[in-house]
Structures are given as structure tokens and as C-alpha cells.
Amino acid sequence: MSESEKVNVPWIDEPVELSEAVEMIAQADEDDEDAIQDLAARVDRLERRIATLEDGSSIECPSCDSEDAVYKAGVGAAILASLDALSDANADALNRDSHVCIDCRKSFTPAFD
Ligand SMILES: [Zn+2]
């Protein structure tokens, strides 16, 4: 198993798992907006690295057919949080599904053959 992706959350001393970071962002209130922007930039870089690693397995959104805006749920949640678009409802959906489309903000789990 490869090393887990870790990110630095500005208000935490130690790097944390991406999924934990997402939870923290989801729980952060509006006072942390600067910190969220900072984290979003890091998540963006991380996402691009992951995208490079996963090149060749681009996944199409079943709702709007976008291929460019589909992210793994953890990364997508961080992006939605940074856009102030992470609601209880879509956070819940992201816990169930593996991917999310930022274009139409629908989460889904692709069926792999
Ligand atoms: Zn979509």
C-alpha cells in the first residue's frame, strides 16, 4: 500500500490524512476563511498530483458528462468546502460515493467493469 496522502491544516501542528482535513474544513466556521483558502490551494496541488498518478483513468460524470471536474470524494469535498458549497446533504453523499463532479456538484460511484 502506498503512503497515505497527508496535508497540512494551518491550525493543526501535524500533517493530517486528507480525509481528516476534509472533515476539519467541513467543520470550520467562516472565521477560518483565510485558512480554508490556504488549504484549498494545497489541496489543489495535491489533486493535480493525484490526477497525474491516475492519468488514463479519467471518469465521466454521469449527470453532466464532464470529465474535467470529477474528483475523488475526499478531494472534491475539500474543493466544495473551499467554494463554500459543502452542505450537510452533499457531505453526507460524499461519504457514500467515491467521486464527485464539481461542475454539477453531484456525487456518484462509477461502475468499473
Ligand atoms: Zn457533473
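Indexing begins at 1, ligand by ligand and atom by atom, following the structure's order. Owing to the predicted nature of the structure, the values given are computational and were not obtained by experimental measurement.
- In this structure the side chain of Cys64 reaches within 4.5 angstrom of the side chain of Cys101, judged on heavy atoms.
- For residues 94-109, the salt bridge (Lys or Arg N to Asp or Glu O under 4.0 Å) pairs, not counting sequence neighbours, are Asp92-Arg96.
- Scored by the side-chain hydrogen bond (donor to acceptor under 3.5 Å, both in side chains) test, Glu60 finds no partners at all (sequence neighbours excluded).
- Around the Zn ion (ligand 1), the protein atoms of type N, O or S found under 2.8 Å away are Cys61 SG, Cys64 SG, Cys101 SG, Cys104 SG, listed by chain and number.
- Residues passing the side chain to side chain contact (heavy atoms under 4.5 Å, CB included) test with Pro62, sequence neighbours excluded: Phe108.
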Determine, stepwise, if the pair Asp68 / Ile102 fulfils side-chain contact (heavy atoms from CB on, under 4.5 Å).
CA-CA 9 Å; Asp68 300 332; Ile102 302 301; over 6 Å; no
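- In this structure, the side chains of Leu80 and Val100 come closer than 4.5 Å at one or more pairs of heavy atoms.
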